[in-house]
Amino acid sequence: MKILFRELNSVDKITSIKELSENRLLKEKQDFLRLIYEREKQGNTLIAPRIAMPHAEGISVRKTSIAIGKSTKLINWNNNQFVEMILLVAINPADEINNEKLIRIIRELGKEEKTVHLIDSTKTNILRELQKI
């Protein structure tokens with residue numbers, strides 16, 4: 001599974017998602033964005049204070065991956081709920097091995113102490129932490 005990192009310049013949800021979607025792991029960016037926006041309409045994707053995890057599954061994804069975006073500014077996520085880190089998850093339904101690793105990462109991120117630690121970490125430490133899971 002590929003884990004990407006990007007310092008974000010965006011200050012709003014839509015622009016942040018578009019910025020994180022700029023990678024070669026997507027076959028069809030517009031279709032993936034449509035799937036992400038549909039999922040966002042279904043409910044909140046905040047997973048911890050200051051962290052959001054928008055996600056979508058579809059054939060527009062080449063390889064299951066996580067694009068991590070970290071910002072020095074607060075990003076308005078949902079009606080004045082703000083985040084500093086976004087974990088954009090792109091899931092290829094046929095990518096079984098990487099999907100198993102993704103499930104382990106998501107379970108680990110469900111622990112508040114882990115997510116709080118990630119926000120305060122550097123890029124290198126974030127990537128190292130997620131690769132260890």
Under a 4.0 Å threshold between the charged nitrogen and the carboxylate oxygen, would [Y] count as salt-bridged to [X]?
X    : Y    : answer
D120 : R50  : yes
E84  : K73  : no
R104 : E100 : no
E129 : K132 : yes

Check whether [X] and [Y] end up in the same hydrophobic cluster, where Ile, Leu, Val, Met, Phe, Trp and Tyr are linked by side-chain heavy atoms less than 4.5 Å apart.
X    : Y   : value
M53  : M85 : yes
L20  : I47 : no
I106 : M1  : yes
V11  : V83 : no

Looking at [X] and [Y], would you say the former's side chain and the latter's main chain have a donor-acceptor pair under 3.5 Å?
X    : Y    : answer
E108 : I133 : no
D95  : T64  : yes
S71  : L74  : no
K70  : S121 : yes
R6   : E19  : yes

Nearest-0.5 Å distance, OG1 of residue T45 to CZ of residue R39: 6.5 Å
State, yes or no, whether a side-chain contact exists between [X] and [Y] at a heavy-atom distance under 4.5 Å.
X    : Y    : result
I68  : L4   : no
S65  : I3   : no
L118 : L109 : yes
I86  : W77  : yes
I51  : I119 : yes
Q131 : K101 : yes

List the atom of [X], the atom of [Y], and the distance in Å for their closest heavy-atom pair.
X    : Y   : result
P54  : I36 : C-CD1, 4.0 Å
G58  : P93 : O-CD, 3.6 Å
A56  : F32 : CB-CE1, 3.9 Å
L102 : I66 : CD1-CD1, 3.7 Å

Worked verdict on N92 versus E57 for side-chain hydrogen bond (donor to acceptor under 3.5 Å, both in side chains): CA-CA 6 Å; N92 178 320; E57 177 178 8; over 6 Å; no
Verdict with supporting geometry, E7 and K123, salt bridge (Lys or Arg N to Asp or Glu O under 4.0 Å): CA-CA 9 Å; E7 294 288 338; K123 171 186 174 180; over 6 Å; no
Taking [atom1] in [X] as the centre, count heavy atoms belonging to other residues, nucleotides or ligands within less than 6.0 Å. Is the count above 12?
X   : atom1 : answer
K18 : NZ    : no
R34 : CZ    : yes
E38 : CD    : yes

Pair I105-L130, side chain to side chain contact (heavy atoms under 4.5 Å, CB included): steps then yes or no: CA-CA 7 Å; I105 289 172; L130 292 179; 3.9 Å; yes
Audit row: V89, I91, side chain to side chain contact (heavy atoms under 4.5 Å, CB included) steps and yes/no: CA-CA 6 Å; V89 179; I91 304 164; 3.7 Å; yes
Steps toward side-chain hydrogen bond (donor to acceptor under 3.5 Å, both in side chains) verdict (D12, N76): CA-CA 5 Å; D12 66 89; N76 189 352; over 6 Å; no
Pair L8-I75, side chain to side chain contact (heavy atoms under 4.5 Å, CB included): steps then yes or no: CA-CA 9 Å; L8 293 174; I75 298 168; 3.8 Å; yes
Chi angles and distances behind the side-chain hydrogen bond (donor to acceptor under 3.5 Å, both in side chains) call for K63, N98: CA-CA 8 Å; K63 183 176 182 180; N98 285 314; 5.3 Å; no
Test log, rule side chain to side chain contact (heavy atoms under 4.5 Å, CB included), inputs L88 and S21: CA-CA 8 Å; L88 181 68; S21 297; 3.6 Å; yes
